[in-house]
Protein chains: 2
Amino acid sequence: MKENGKVTIYDISKKLNISAATVSRALNNNPKISKKTRDLVFAAAKEMNYKQNRLAQALKSGKSKNVGIIVPYINRNFFSSIIRGIEEELGPHGYHVIICQTHEQMETEVEQINTLLNTQVDGIFMSISKSTTKTDHFKKVLDEGKSLIFFDRKLDVPGVSSVVIDDFKAGYLATEHLISQGCKNIAHFAGDLNLEIYKNRYEGYIKALKDHGFQPNPDYVVTTLSSVESGAAAVSKIWELNEKPDAIFSASDYTALGAIQELKRIGIRIPEDFCISGFSNEPFTKYMEMPITSVDQTPLRMGKIAAQVFLEQVDSPQKLTIEKKVVLAPELMVRNSSDRSLHKLAIH
Amino acid sequence: MKENGKVTIYDISKKLNISAATVSRALNNNPKISKKTRDLVFAAAKEMNYKQNRLAQALKSGKSKNVGIIVPYINRNFFSSIIRGIEEELGPHGYHVIICQTHEQMETEVEQINTLLNTQVDGIFMSISKSTTKTDHFKKVLDEGKSLIFFDRKLDVPGVSSVVIDDFKAGYLATEHLISQGCKNIAHFAGDLNLEIYKNRYEGYIKALKDHGFQPNPDYVVTTLSSVESGAAAVSKIWELNEKPDAIFSASDYTALGAIQELKRIGIRIPEDFCISGFSNEPFTKYMEMPITSVDQTPLRMGKIAAQVFLEQVDSPQKLTIEKKVVLAPELMVRNSSDRSLHKLAIH
DNA sequence: TATTTCGCTGTAATCGATTGCACTAAAATA
DNA sequence: TATTTTAGTGCAATCGATTACAGCGAAATA
């Protein structure tokens, strides 16, 4: 009960007339300490309102029991859900999570990694920024003997584990679903193709078309930003084509929404005349009056699995040689924006 | 460049044949160190890839440059936006944010506070859980000389600062707006009235009614959970009344959405026959085909201001005596679900 | 020339907890 | 009774950085 509320093992040791070493051992339930002493120490610790100083422990042990999580923006549903998953899996193991944002800047990403390393985190989880091209800063993490785990957006770096969904398959499934609904001219609203995830979605789309005997049409592929406005603009663009599409597989729910709004505005009926699938299963997709078909990326699960990979690695002595790549299955949530079966029933 | 990549000031001091103290001073730009030595040290530090150990600094200085943020759930738009605001304001000052969840359990909240204190955070930001009734754990934080700042959901605890929006005013504004649209029988879908925020919204609602000559009707107040289902159920409930309401001020966007869905299902026209306002300005409210009127809580701003309050306190020596209470103005976002002016124009 | 001042650097303690090694007294064994 | 074992503790170094205090050589002053 000192002024600043800082009670240390030395305070306890003085009070009980024993050494600080004994207090430390007693608190850690070291079997070499007699039950009598241990009980005394615990009683005194409680009475004096002793709190262990995790900083001191961390300095001594070299393990801070903190991990860093780096994402472009915290307040995106996808990322905050992953963070939640990691926190919930790691919390019970005594870890705290430190959150950083990159704002999609590689420069900031490098900086964040450096400060996290300075803080002695035991590992780093991250989704790379859109502008990330170099990998030196990732290697630094490995050089320090800490594990690095990519989730969703990744780069191939030796020694770095990753947890992603199968974006290729997701693109394939969504496109195949649109085909199954009778769509013949399927457009794709792509994301930044420099990112692996968007490239894979695109390729899944292409493959599905080919597998079902459709010739991919480059005019049907529009690169968009993940925004409602961008989706509406992209619709205007493809609407200038002679042979207009009758479906869109969008790599983003926001562009899908913008597309739907624009299509309705120009009088297109969905899903009768036009089918749409988005991506990410953003909360709003299921709340719409016309719920939007989308691909669920199971972010909570993704976070939990990333955390499990981390835990395996910290416990293992040869952690750096293990490089675990987990690929999760995406789940297509079929909803009204692309589901003609409901509609047909209504017609009958 | 040792095995584990740990370079300390001692390594630099050995290499340059000077003392570690000099290295430390040089790195900290202590003016007592000659420029020559300083340059040598910086060069060596860079060459050896030296990284300061923030744990050691923290232990020595008593300042970890970490703050804790405790929220019920990370992946709620409102909370993740606040976290973002805090991170963006504190990051440039060298702070890291550690995130914890309570899952609305007071027990967990107490635990999280304890582990954060053990980790020697310099301050704690939090929104209390629904089940929080005691305040002992908050006092502990103050006893340790650290600042505690509530945002949104708070309790009155001496010495604890807070940043909230004026929920009373928000409730008043929303209700008054509904009145201005010609609604005569306005219901309220309330949240957990044990929480100050929901109580204030309710009271703002009551006051607005009275101020405009309406007699509050207890039958029109339904306590709901913040979910779509709960909103639909609440509509069913008020629809059993003889005199049915013609508007709802809902303390949650989710219940507002559920209400809209249910009202549409039973054939009520919105906003012609019925007006609705939600609360929180969840992202989906503006994306709906019938965008939902809602109260914006400006979470980003709230987070930034909370961070500013913290910064003022850590810099001030008598921080514990200052107890700052910031009340932000809410912003009513009027949208189609309650805006009859648009509708009238259409009729003309 | 003798003394004071100043600029720069080193010594050692400190933050709080942990742990290898040494030590003592009591118990077990010869 | 003499000796070994064992249980229980203490001493002191350590993790890495900071900082009060002391010290030393060179320049400035008397």
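Remember, it's a predicted structure, so these values are computed and weren't measured experimentally. Below, chain A is the first sequence line, B the second, and so on; all start at residue 1.
Rounded to whole angstrom, the span from the NZ atom of B/K35 across to the P atom of C/dG7 amounts to 18 Å. At whole-Å resolution of the value, CG in B/L59 and C1' in C/dT14 are 9 Å apart. Here C/dT18 presents its C1' atom at 15 Å from NZ of A/K63, a figure rounded to the nearest Å. Going from atom CG of A/N30 over to atom P of C/dT19 covers 9 Å, rounded to whole Å. We find that NZ of A/K65 is positioned 16 Å from C1' of C/dT18, with the value rounded to whole Å. Rounding to whole angstrom units, CD of residue A/Q120 and C1' of D/dG16 are separated by 9 Å. Regarding A/L16, its CG atom lies at a distance of 14 Å from the C1' atom of D/dT9, rounded to whole Å. Atom NZ in A/K32 sits roughly 12 Å away from atom P in C/dC21 (whole-Å rounding).
A salt bridge links A/K35 to A/D39: one of the charged nitrogens lies within less than 4.0 Å of a carboxylate oxygen. Salt-bridge formation is not detected for the pair A/K140/A/D136: no Lys NZ or Arg NE/NH1/NH2 atom is positioned less than 4.0 Å from an Asp or Glu carboxylate oxygen. For B/D152 and B/K154, the salt-bridge test fails: no basic side-chain N is under 4.0 Å from an acidic carboxylate O. With respect to B/E109 and B/R153, no salt bridge is recorded, no charged nitrogen being found less than 4.0 Å from a carboxylate O.
Heavy-atom minimum distance, A/Y50 versus A/I9: OH-CG2, 3.6 Å. Summarising the geometry of A/I82 relative to A/P299, their closest heavy-atom pair is CG1-O, 3.4 Å, with the distance given to 0.1 Å. For the residue pair A/P72 and A/Q101, the shortest heavy atom distance occurs at O-CB, 3.6 Å. Nearest heavy-atom pair, B/V160 versus B/E323, reported as atom, atom and distance to 0.1 Å: O-CG, 3.5 Å.
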Q.
Would A/E88 and B/H103 count as a side chain to side chain donor-acceptor pair (under 3.5 Å) here? Give the steps.
A. CA-CA 10 Å; A/E88 291 180 355; B/H103 297 162; 2.7 Å; yes
Strictly under 3.5 Å: I want the nitrogen or oxygen pairs between protein and nucleotides 17-20 of chain D, one per line.
residue: D/dA17; atom: OP1; partner: B/Y50; partner atom: OH; Å: 2.5
residue: D/dA17; atom: OP1; partner: B/N53; partner atom: N; Å: 3.3
residue: D/dA17; atom: OP2; partner: B/I9; partner atom: N; Å: 2.7
residue: D/dA17; atom: N7; partner: B/Y10; partner atom: OH; Å: 3.2
residue: D/dA17; atom: N6; partner: B/Y10; partner atom: OH; Å: 3.4
residue: D/dT18; atom: OP1; partner: B/Q57; partner atom: NE2; Å: 2.8
residue: D/dT18; atom: OP2; partner: B/S24; partner atom: OG; Å: 2.9
residue: D/dT18; atom: OP2; partner: B/N28; partner atom: ND2; Å: 3.2
residue: D/dT18; atom: O2; partner: B/K60; partner atom: NZ; Å: 3.4
residue: D/dA20; atom: N6; partner: B/R25; partner atom: NH1; Å: 3.3

Check: protein-nucleotides 4-6 of chain C nitrogen or oxygen pairs below 3.5 Å:
none

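Here B/I18 lies in heavy-atom contact (under 4.0 Å) with sugar-phosphate atoms only.
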Parsed dot-bracket for DNA chain D after applying the Watson-Crick and G-U rules with both distances under 3.5 Å and | for other-strand partners is ||||||||||||||||||||||||||||||
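Here the CG atom belonging to A/L148 is positioned 8.0 Å from the CD1 atom belonging to A/I70, to the nearest 0.5 angstrom.
Side-chain N/O atoms of B/S34 include none lying less than 4.0 angstrom from OP1 or OP2 on C/dG7.
Aromatic ring centres of A/F125 and A/F310 lie closer together than 6.0 Å.
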